[in-house]
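These notes are about the structure you will find just below.
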Amino acid sequence: MNQQLPSDDELIPRLLAHDETAYTQVVSAYHGLMVHLARAIVGPAIADEVAQEAWLAVIRALPRFERRSSLKTWILRIVSNTAKTRLRHESRTVSLEDAPASRANTDPSQFNASGRWASPPTVWHADTPDDLLASQELRTCIDAALRTLPPLQRAALTLRDMQGLNMESICKVLEVSESNGRVLLHRARNRVHAAIEEFYQR
DNA sequence: TGATTAGATGTTGCGTATGC
DNA sequence: GCATACGCAACATCTAATCA
């Protein structure tokens with residue numbers, strides 16, 4: 001992922017100079033990830049909207065970017081803040097059930113090359129029609145487990161195991177301490193693993 | 001090449017806050 | 001009061017780098 005993306009040192013001055021090519025490069029590199037993170041926090045119904053809001057915030061805030069973290073981490077942090085703000089402003093909980101069944105969090109196009117899930121789960125043991133059916137059901141089961149996670153746990157799991165971010169970046173994005181980030185991730189994994197075990201015991 | 005070391009990551013236990 | 005989520009700290013484990 002992002003193999004062709006120039007370094008932050010090169011990108012940031014170009015972005016500040018309103019270089020359209022640079023904007024295009026950044027958007028194509030990070031928009032999918034932003035939507036994925038937004039979806040993890042606010043659910044799929046308004047994830048695109050949150051990502052759009054975050055882009056506006058990024059453009060507005062770029063001149064004040066202090067480069068205390070990478071551009072990517074900074075952008076994701078803005079997404080996280082935008083999503084959390086949006087979540088607070090929503091008078092009711094966003095219905096995660098609005099997600100297209102079984103596709104909410106495991107769209108193969110959203111897995112990067114360095115992520116833990118480099119291949120879509122659909123290929124897991126899908127040697128026969130029965131296996132294929134089971135893998136589809138497993139994916140539905142995992143998606144359901146993800147949807148029941150608290151937003152921070154889901155975001156931590158999404159960023160770590162699906163997007164391959166390191167713990168430092170994740171904690172910056174989610175604005176939690178490193179120890180708490182680790183705990184969030186561990187608890188999220190526990191719950192998803194429990195759901196998978198339950199699936200196999202059926 | 002094997003031992004050592006440091007940093008990153010994972011695990012666990014316990015306390016606190018919050019909503020029902 | 002109870003269940004749940006979050007936060008912190010301490011400890012365990014893994015991994016890559018370094019060195020003899």
Side-chain angles (χ1 to χ4, degrees), chain A residues 1-3 5 7-9 29-30 33-47 50 54 66-99 104-106 110-121 124 138-201:
Chain A
M1 180 179 180
N2 300 350
Q3 288 105 336
L5 193 67
S7 68
D8 287 0
D9 286 340
Y30 297 142
L33 181 54
M34 290 169 69
V35 172
H36 207 84
L37 174 60
R39 184 180 295 166
I41 297 172
V42 300
I46 56 172
V50 167
E66 296 175 10
R67 305 185 69 170
R68 286 182 291 190
S69 63
S70 69
L71 181 65
K72 178 183 180 180
T73 299
W74 178 71
I75 289 173
L76 291 177
R77 188 168 180 170
I78 289 176
V79 176
S80 171
N81 286 335
T82 305
K84 286 176 186 172
T85 302
R86 186 62 185 265
L87 205 56
R88 276 194 296 272
H89 287 359
E90 290 291 315
S91 58
R92 57 182 165 74
T93 303
V94 174
S95 172
L96 297 174
E97 304 307 320
D98 291 345
N105 289 291
T106 54
Q110 293 163 335
F111 289 65
N112 64 18
S114 59
R116 302 291 175 91
W117 291 359
S119 301
W124 293 350
L138 175 60
R139 193 169 64 190
T140 303
C141 166
I142 292 170
D143 287 341
L146 284 169
R147 288 198 295 274
T148 66
L149 293 177
L152 280 179
Q153 288 187 19
R154 189 166 55 235
L157 188 68
T158 299
L159 291 172
R160 179 66 179 154
D161 288 349
M162 297 182 185
Q163 303 297 338
L165 262 66
N166 62 26
M167 287 308 299
E168 185 186 359
S169 298
I170 292 168
C171 294
K172 278 182 182 169
V173 167
L174 298 180
E175 292 183 301
V176 297
S177 69
E178 289 220 13
S179 61
N180 192 34
R182 286 194 291 271
V183 171
L184 286 172
L185 180 62
H186 180 60
R187 288 170 181 162
R189 283 173 173 161
N190 270 350
R191 289 174 63 162
V192 173
H193 289 167
I196 292 170
E197 276 186 20
E198 197 177 319
F199 172 83
Y200 280 119
Q201 283 169 4

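As the structure is a prediction and not an experimental result, all values here were calculated from the model. Every chain is numbered from 1, with letters handed out A, B, ... down the list of sequences.
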Quick one: [X] [atom1] to [N] [atom2], roughly how many Å, whole number?
{"X": "Leu185(A)", "N": "dA5(C)", "atom1": "CG", "atom2": "P", "answer": "16 Å"}
{"X": "Leu184(A)", "N": "dT4(C)", "atom1": "CG", "atom2": "C1'", "answer": "13 Å"}
{"X": "Asn180(A)", "N": "dT9(B)", "atom1": "CG", "atom2": "C1'", "answer": "15 Å"}

Does a side-chain N or O of [X] approach OP1 or OP2 of [N] to a distance below 4.0 Å, or not?
{"X": "Arg187(A)", "N": "dA5(C)", "answer": "no"}
{"X": "Arg160(A)", "N": "dT9(B)", "answer": "yes"}
{"X": "His186(A)", "N": "dG10(B)", "answer": "no"}
{"X": "Gln153(A)", "N": "dA5(C)", "answer": "no"}

Considering only heavy atoms from C-beta outward, does the side chain of Thr158(A) approach that of Leu37(A) to under 4.5 Å?
-> no
Gln153(A) and Leu157(A), any side-chain heavy atoms less than 4.5 Å apart |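 Result no, sub-4.5 Å side-chain heavy-atom pair not found.
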Is the side chain of Thr82(A) donor-acceptor paired with the backbone N or O of Ile78(A) at a distance under 3.5 Å, no angle test?
-> yes
Look at the side chain of Arg182(A) and the base of dG7(C), then say whether one donor and one acceptor between them are separated by less than 3.5 Å.
-> no
Closest nucleotide among dG10(B), dC8(C), dG7(C) to the Ser179(A) side chain = dC8(C)
Spacing of CG belonging to Leu185(A) relative to CD1 belonging to Ile170(A), to within rounding of 0.5 Å = 6.5 Å
